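Below: the structure, in structure tokens.
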Amino acid sequence: QVQLVESGGGSVSVGGSLTLSCTASGDRDKWFALAWFRQAPGKEREGVAAIDHLGDITYADSVKGRFIISKELGEGFATATLRLQLDNLKPEDSAMYSCASDKWVQYPLREEQYSYWGRGTQVTVST
């Protein structure tokens with residue numbers, strides 16, 4: 001079992017910043033690969049940023065230079081915290097942001113690569 005719990009969403013103005021967090025716990029070998037996805041109303045879910053099982057980082061083109069993903073391991077490696085720093089936010093960044101994990105992935109920004117998902121945290125960017 002894996003538990004993924006997101007936090008940090010909110011409402012900001014264009015150009016503002018937010019930091020999202022996702023705490024992963026449970027079976028440690030099921031969160032070697034971690035990623036952030038987002039889904040806006042009426043749109044498909046898209047991969048935003050990921051840290052794969054090798055530690056390699058991938059960003060979607062739409063967020064490169066504005067978002068930063070990072071991961072910290074908790075004491076005894078019992079948990080991991082995945083963060084997403086969102087800067088220079090745009091209205092098109094508004095979406096439900098969800099954390100996903102799995103043991104390993106080949107294509108880090110494809111949702112079908114991940115078996116475990118959090119419930120999400122809402123980000124709203126207003127003009």
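Because the structure is predicted, anything quoted here is derived from the model rather than measured.
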From CA spacing to verdict: side-chain contact (heavy atoms from CB on, under 4.5 Å), Leu4, Cys22 = CA-CA 6 Å; Leu4 301 171; Cys22 169; 4.1 Å; yes
Derivation and outcome, side-chain contact (heavy atoms from CB on, under 4.5 Å), residues Asp56 and Ile51 = CA-CA 5 Å; Asp56 294 331; Ile51 302 177; over 6 Å; no
query = Please walk me through it: do Val123 and Met96 pass side-chain contact (heavy atoms from CB on, under 4.5 Å)?
reply = CA-CA 6 Å; Val123 172; Met96 180 68 76; over 6 Å; no
task = Mind running side-chain contact (heavy atoms from CB on, under 4.5 Å) on Lys90 and Arg66 for me, showing each step along the way?
result = CA-CA 10 Å; Lys90 305 175 181 180; Arg66 299 189 299 121; 3.8 Å; yes
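Side-chain atoms of Asp27 never come within 3.5 Å of backbone atoms of Lys30 as a donor-acceptor pair (strictly under, hydrogens ignored). Between the side chain of Thr58 and the main chain of Pro108, no donor-acceptor pair closer than 3.5 Å is present. With hydrogens and angles disregarded, a donor-acceptor distance shorter than 3.5 Å links the side chain of Glu6 to the backbone of Cys99.
Sorted by first and then second residue, the pairs that involve residues 20-65 and meet ring-ring contact (aromatic ring centres under 6.0 Å, His included), not counting sequence neighbours, are Phe37-Tyr114, Phe37-Trp117, His53-Trp104.
By the side-chain contact (heavy atoms from CB on, under 4.5 Å) test, Arg110 pairs with Tyr107, Glu112, Gln113, sequence neighbours left out. Residues forming a side-chain contact (heavy atoms from CB on, under 4.5 Å) with Gln85 (at least two apart in sequence, or on another chain): Ser17, Thr19, Ile68, Asp87.
Within 6.0 Å of CD on Gln1 lie no more than 12 heavy atoms contributed by other residues, nucleotides or ligands.
The CG atom of Leu34 lies 7.5 Å from the CD1 atom of Ile69; values are rounded to the nearest 0.5 Å.
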